[in-house]
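Have a look at the structure below, then the notes.
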Amino acid sequence: MHAEPADSYADSYADPSAEACLELDDPREHTAVSLGEPGLHPLTRASLIPPRLSLGSCVRGYMTRDLRAAADLSSAQRSTWFPVSPVCTITWFLQGQCAEVLCEPGDELAQQERGLRFLPELPFLAGPHSRPTKFRTFGPGHSFVVVLMPDAFKVLTGLDLLQCQDAVLPLHAHLGADWQAMSAAVQAAADDASRVRVFEDFLQPRWQQCRAEGGHDMPRYRDWMEALAVRAIAAGKGRSMRQVERRIKAWSGQSLRQLQSVSRAEQSFFRVREALERGQVVWTDLAYESGYADQAHLCRETRRVTGFSPELLRQRIETHEAFWAYRIWS
């Protein structure tokens, strides 16, 4: 699964009770049809809910998106771009369905799309993403997503992060009866606040059992990565750089170099937002302040992590519905 990420959804989703992942190969689906208006829509709703303080080192946050009031959305507005990321997620599609759009990072034209790979309709787990990904919602479109730090996800679920990378796994096929009962309760909850409460009441005693130390509120990747490196150095007898990096990859699903790249990207993202509030973005200064060697280094890594150049990404976040996830994290 890790060696062939392009097929990981199909490989990992072997649930006979639900529709298997579908890759469209009908040539009529690949004609140069416009994806429609990409701009912001006034009736869509997206939010980021922080976790309770005691779960801050485990849960990064809760993402919600509700398209039910916006029936006239175009395909472009029903799309979502996600960057490379070390986090793991648990997703409930309360209404509607979601599919991965098969395309290259940064492709925004209909004729560049090779098809769709539908995700499970039942609640599912997703591991770290090693490449930028694009998704599209079908139907009413109402989702609730728990975002977990990768080392916490590994400890809580017992799943191998290297096998989870770039994969989607039906929750009921990979976690026990207690998780399945919690999942059903989240699905049945009346609103997002109730869903958060159900999940956190379930997770709190399990996290306390896994970790004696307390959490902190919504850590940035840089803080988490540095703490992870300290733990890797302190753990076990072997403390060579290679052994430390092996521990980091086992605990997070990604190499230290990959985590450093995401950390720099996050730093630059927040600095862009701060610069915009001041009224001007100077990319050369921002590159050095975020830990890049120069502006060219910033551009290369931003494209690798997001699929877009820094300036195009900034424009899309400000004006395109598909970049809602970037907006709520800012």
Side-chain angles (χ1 to χ4, degrees), residues 9 12-22 43-56 58-71 73 78 80 82 87-100 118-127 135-149 152-153 155-159 164 167-210 215 218 324-325 328:
Y9 286 92
S12 62
Y13 183 37
D15 177 18
S17 66
E19 184 181 34
C21 297
L22 173 65
L43 297 181
T44 62
R45 297 290 180 267
S47 65
L48 175 65
I49 304 171
R52 65 177 63 160
L53 188 62
S54 57
L55 292 174
C58 169
V59 179
R60 186 155 169 80
Y62 305 89
M63 299 171 60
T64 72
R65 195 185 192 204
D66 190 346
L67 308 180
R68 291 175 294 175
L73 290 174
R78 289 183 171 275
T80 297
F82 287 114
V87 299
C88 302
T89 57
I90 308 175
T91 299
W92 288 261
F93 255 82
L94 307 166
Q95 291 188 42
Q97 194 176 7
C98 185
E100 181 187 5
F118 280 89
L119 276 59
E121 295 187 34
L122 299 173
F124 56 86
L125 317 170
F135 295 89
R136 185 164 298 141
T137 299
F138 296 86
H142 186 203
S143 59
F144 176 77
V145 182
V146 178
V147 184
L148 293 162
M149 303 308 287
F153 179 87
V155 170
L156 287 162
T157 66
L159 296 175
C164 293
V168 167
L169 310 171
L171 184 149
H172 73 274
H174 293 270
L175 299 181
D178 54 343
W179 284 84
Q180 295 175 39
M182 175 276 294
S183 177
V186 168
Q187 187 87 27
D191 51 39
D192 290 331
S194 300
R195 293 181 191 101
V196 170
R197 184 168 57 254
V198 167
F199 182 81
E200 292 191 335
D201 288 348
F202 168 84
L203 198 67
Q204 184 78 55
R206 290 164 176 79
W207 183 238
Q208 288 176 340
Q209 183 176 353
C210 292
M218 294 187 66
W324 63 270
I328 65 174

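Rounding to the nearest 0.5 angstrom, the gap separating the CG atom in Leu94 from the CZ atom in Arg68 is 8.0 Å. Distance check, rounded to the nearest 0.5 Å: CG of Leu55 to SG of Cys58 gives 6.0 Å. The CE atom of Met63 sits 8.0 Å away from atom OG of Ser143, with the distance rounded to the nearest 0.5 Å. Atom CD in Gln97 sits 5.5 Å away from atom CZ in Phe118 (nearest 0.5 Å). Separating the CD1 atom in Ile90 from the OH atom in Tyr62 is a distance of 9.5 Å, to the nearest 0.5 Å. Separation of atoms CZ (Arg206) and CG (Asp178) is listed at 4.5 Å; rounding is to 0.5 Å.
Considering all non-hydrogen atoms of both residues, Leu43 and Ala69 come closest at CD1-O, 3.2 Å. Heavy-atom minimum distance, Phe82 versus Ala325: CE2-CB, 3.6 Å. The two atoms that bring Gln204 and Ser54 nearest to each other are OE1-OG, 2.8 Å, heavy atoms only. The shortest heavy-atom contact between Val168 and Pro120 is CG1-CD, 3.5 Å. Ala189 approaches Ser194 most closely through the heavy-atom pair CB-CB, 3.9 Å.
Val59 has its side chain out of reach of Val147: every pair of non-hydrogen atoms, C-beta onward, lies at least 4.5 Å apart. Counting only heavy atoms from C-beta outward, the side chains of Arg136 and Cys98 never approach each other to under 4.5 Å. Side-chain contact between Thr64 and Ile49 is present, with at least one heavy-atom pair separated by less than 4.5 Å. Looking at Phe124 and His174, their side chains never come closer than 4.5 Å, going by heavy atoms from C-beta outward. Contact of the Ser47 side chain with the Ile328 side chain is not registered, since no non-hydrogen atoms from C-beta on lie closer than 4.5 Å. Taking the side chain as every heavy atom from C-beta outward, His142 and Pro140 never approach each other to under 4.5 Å. Side-chain atoms of Pro123 and Val186, non-hydrogen and from C-beta on, never get closer than 4.5 Å to each other. Looking at heavy atoms from C-beta onward, Cys210 lies in side-chain contact with Val155 at the 4.5 angstrom threshold.
The backbone N or O of Pro50 sits nowhere less than 3.5 Å from a side-chain atom of Arg60 that would complete a donor-acceptor pair. With hydrogens and angles disregarded, a donor-acceptor distance shorter than 3.5 Å links the side chain of Gln180 to the backbone of His172.
The cationic group of Arg195 does not satisfy the cation-pi geometry with Phe199, failing either the under 6.0 Å distance to the six-membered ring centre or the 45° limit from the ring axis.
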message: Walk me through whether Arg52 and Asp201 qualify under side-chain contact (heavy atoms from CB on, under 4.5 Å).
response: CA-CA 10 Å; Arg52 65 177 63 160; Asp201 288 348; 3.0 Å; yes
message: Using side-chain contact (heavy atoms from CB on, under 4.5 Å), reason through Leu67 and Leu73 one step at a time and then give a plain yes or no.
response: CA-CA 8 Å; Leu67 308 180; Leu73 290 174; 3.8 Å; yes
task: Evaluate the criterion ring pair (Phe, Tyr, Trp, His ring centres under 6.0 Å) for residue pair Phe93 and Phe144; output intermediate values, then yes/no.
output: CA-CA 7 Å; Phe93 255 82; Phe144 176 77; over 10 Å; no
field: side-chain contact (heavy atoms from CB on, under 4.5 Å) between Leu156 and Leu203, intermediate numbers included
entry: CA-CA 9 Å; Leu156 287 162; Leu203 198 67; 3.6 Å; yes
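A donor-acceptor pair shorter than 3.5 Å can be found between the side chains of Thr80 and Trp324. Ser183 and Trp92 share a side-chain donor-acceptor pair at under 3.5 Å.
With sequence neighbours excluded, the residues satisfying side-chain contact (heavy atoms from CB on, under 4.5 Å) with Thr157 are Phe153, Leu159, Leu175, Trp179.
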